[in-house]
Novice: 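Dropping the structure in here first, questions after.
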Amino acid sequence: IKREYYRRNFERFCERQLKISTPIPGQRLPLVLNDPQRILLAKITAQKKEKGYIRYCCCKSRQSTMSTFAQALCFHSTVLTQEFNSLLIANDDQTTADIFLMDGRFLTHLSEDIRPMTRLTNTKEIVFENPNKQKRLLDPGLGSRIVFQSATRITAGTGGTRHALHISELAKWPEDSVELLFSSLLPSLHMTPGTIGIKESTPYVNADGFRAMCEDASAGRGTDVWFFIPWFADSKNAVALSRGEQFKRTM
């Protein structure tokens, strides 16, 4: 019952099950969605209700926690669904490793009654299966996995069907690799109910491929819901004025 409740309520799953580190040293907190994340969640919930799947393109400010939101969305489906395969591809090895550590933290702090059996955990993948080879035939476990790869691998994503695809910091991908990577990636994700496709990035110079995807999404072309988050959209970036302080006009 608990697993089914969380399967139907992503926001409660984040608040009660997922832990994240923060900019404050030594602090670990529940993943409570901020205002921009809740707005995006409402958009993709409506899309899922209408289409059955989730597809969105997000242009974000730095430190907006949109990568955290995207990976939490993929993690949520992977650990609560049998035979669900997720793929994360970030722009470089370091970003990929950082997101792997995020997922490792998610898994570590899951309640024991909903934490799936784990057969394999390394920087390339997490496999949710029974670690006992003899007992695996009778009790195989979820049979789901999360794979972590870098865009520096030119054939990333080839050779398997994916149910969730998180493409992170797309604007920083090698521009000459974007077309080839997408010819490998997109065919692995079918337009079927329950699947998730995410493209998100901060803006970056010479990122013509990501810019074109943003323009298509914002114009309603294709399947992606469009979402833009400026730095001032998050209330944590606000600073209170001192007593008596006023803004000075410059013109």
Side-chain angles (χ1 to χ4, degrees), residues 1-20 29-61 64-89 99 102-103 106-107 110-111 114 116 142 144 146 161-168 170 185-186 188-202 213-230 232-236:
I1 292 173
K2 188 175 181 179
R3 290 176 65 87
E4 184 60 27
Y5 170 75
Y6 284 138
R7 190 179 290 115
R8 299 183 185 198
N9 199 319
F10 171 69
E11 186 169 0
R12 291 293 174 267
F13 176 78
C14 291
E15 293 175 355
R16 299 177 184 178
Q17 291 295 324
L18 302 187
K19 297 292 190 298
I20 58 171
L29 295 175
L31 176 53
V32 178
L33 301 188
N34 57 31
D35 291 340
Q37 289 170 337
R38 286 195 179 96
I39 294 171
L40 176 56
L41 179 60
K43 284 175 173 282
I44 61 177
T45 299
Q47 182 193 39
K48 187 175 182 180
K49 185 176 181 179
E50 179 186 357
K51 303 291 187 181
Y53 53 73
I54 292 172
R55 298 289 187 278
Y56 74 83
C57 181
C58 175
C59 182
K60 62 183 186 179
S61 59
S64 63
T65 67
M66 280 300 164
S67 291
T68 301
F69 175 89
Q71 196 59 23
L73 196 65
C74 297
F75 182 86
H76 167 260
S77 289
T78 307
V79 299
L80 295 175
T81 310
Q82 290 184 353
E83 303 297 335
F84 195 96
N85 295 324
S86 297
L87 173 61
L88 171 280
I89 302 188
I99 296 177
M102 182 195 305
D103 276 43
F106 288 164
L107 181 60
L110 281 182
S111 299
I114 67 166
L142 278 182
S144 299
I146 306 174
T161 297
R162 310 297 176 181
H163 305 108
L165 176 59
H166 175 193
I167 300 172
S168 186
L170 179 55
L185 287 170
L186 295 184
S188 73
L189 184 68
H190 298 277
M191 303 296 290
T192 54
T195 57
I196 302 169
I198 300 167
K199 309 179 189 80
E200 50 88 0
S201 184
T202 50
M213 293 172 200
C214 289
E215 290 176 344
D216 285 343
S218 63
R221 296 187 291 267
T223 59
D224 288 343
V225 168
W226 164 245
F227 194 68
F228 171 64
I229 173 171
F232 53 82
D234 191 344
S235 58
K236 78 175 187 295

Novice: With heavy-atom distances below 4.5 Å as the criterion, would you say the side chains of P116 and L110 are in contact?
Specialist: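 P116 reaches L110 side chain to side chain.
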Novice: Does Q17 use its side chain to pair, donor to acceptor, with the backbone of F106 at less than 3.5 Å?
Specialist: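 The answer is no, because no donor-acceptor pair under 3.5 Å joins these two groups.
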Novice: Which pairs would a plain distance check flag for residues 50-60, meaning a side-chain donor or acceptor within less than 3.5 Å of a matching protein atom at least two apart in sequence or in another chain?
Specialist:
from	atom 1	to	atom 2	distance (Å)
R55	NH1	T195	O	3.4
R55	NH1	T195	OG1	3.2
R55	NH2	H190	O	2.9
R55	NH2	T195	OG1	3.1
K60	NZ	S67	OG	2.6
K60	NZ	E169	OE2	3.4
K60	NZ	E200	OE1	2.7

Novice: From L73 CG over to L41 CG, what is the distance, rounded to the nearest 0.5 angstrom?
Specialist: 8.0 Å
Novice: Determine whether a donor-acceptor pair (N or O, by modelled atom type, separation under 3.5 Å) exists between the side chain of Q47 and the backbone of T223.
Specialist: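 Side chain of Q47 to backbone of T223: a pair is present.
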Novice: Kindly give the heavy-atom pair with the smallest separation between H76 and Y6, and that separation in Å.
Specialist: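 Answer, listing the atom of H76 first, then Y6: NE2-O, 2.7 Å.
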Novice: Is the shortest side-chain heavy-atom distance between P30 and L18 below 4.5 Å?
Specialist: no
Novice: Could you report the tightest heavy-atom contact between M102 and Q71, atom names first, then the distance?
Specialist: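 In this case the closest contact between M102 and Q71 is SD-CB, 4.1 Å.
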Novice: Ignoring hydrogens and geometry, is there a side-chain-to-backbone donor-acceptor pair from E4 to I1 under 3.5 Å?
Specialist: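 Side chain of E4 to backbone of I1: no pair is present.
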Novice: For R3 and V79, work out which heavy atoms get closest and say how close.
Specialist: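 Scanning both residues, the minimum pair turns out to be NH2-O, 3.0 Å.
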Novice: Using 0.5 Å steps for rounding, measure from the SG atom of C14 to the CG atom of L33.
Specialist: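 If we round to the nearest 0.5 Å, C14:SG and L33:CG are 5.0 Å apart.
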Novice: Does any non-hydrogen side-chain atom of W226 lie less than 4.5 Å from one of D216?
Specialist: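 D216 does not reach W226 side chain to side chain.
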Novice: What is the distance from atom CD of E15 to atom CG of L31, rounded to the nearest 0.5 Å?
Specialist: 8.5 Å
Novice: For the NZ atom on K19, are there more than 12 heavy atoms of other groups (residues, nucleotides or ligands in this structure) within a distance under 6.0 Å?
Specialist: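 Yes, because the 6.0 Å sphere around NZ of K19 holds more than 12 heavy atoms from other groups.
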Novice: Please determine if R38 and E11 form a salt bridge, counting it only when a charged side-chain N lies under 4.0 Å from a carboxylate O.
Specialist: yes
Novice: Would you call I196 and L165 a side-chain contact if the rule is heavy atoms closer than 4.5 Å?
Specialist: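 Answer no - side chains too far apart.
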Novice: With a 4.5 Å heavy-atom cut-off, do M213 and L170 have their side chains touching?
Specialist: yes
Novice: Which donor-acceptor pairs under 3.5 Å do side chains of residues 80-89 form with protein atoms, sequence neighbours excluded?
Specialist:
from	atom 1	to	atom 2	distance (Å)
T81	OG1	S77	O	2.7
S86	OG	T78	OG1	2.6

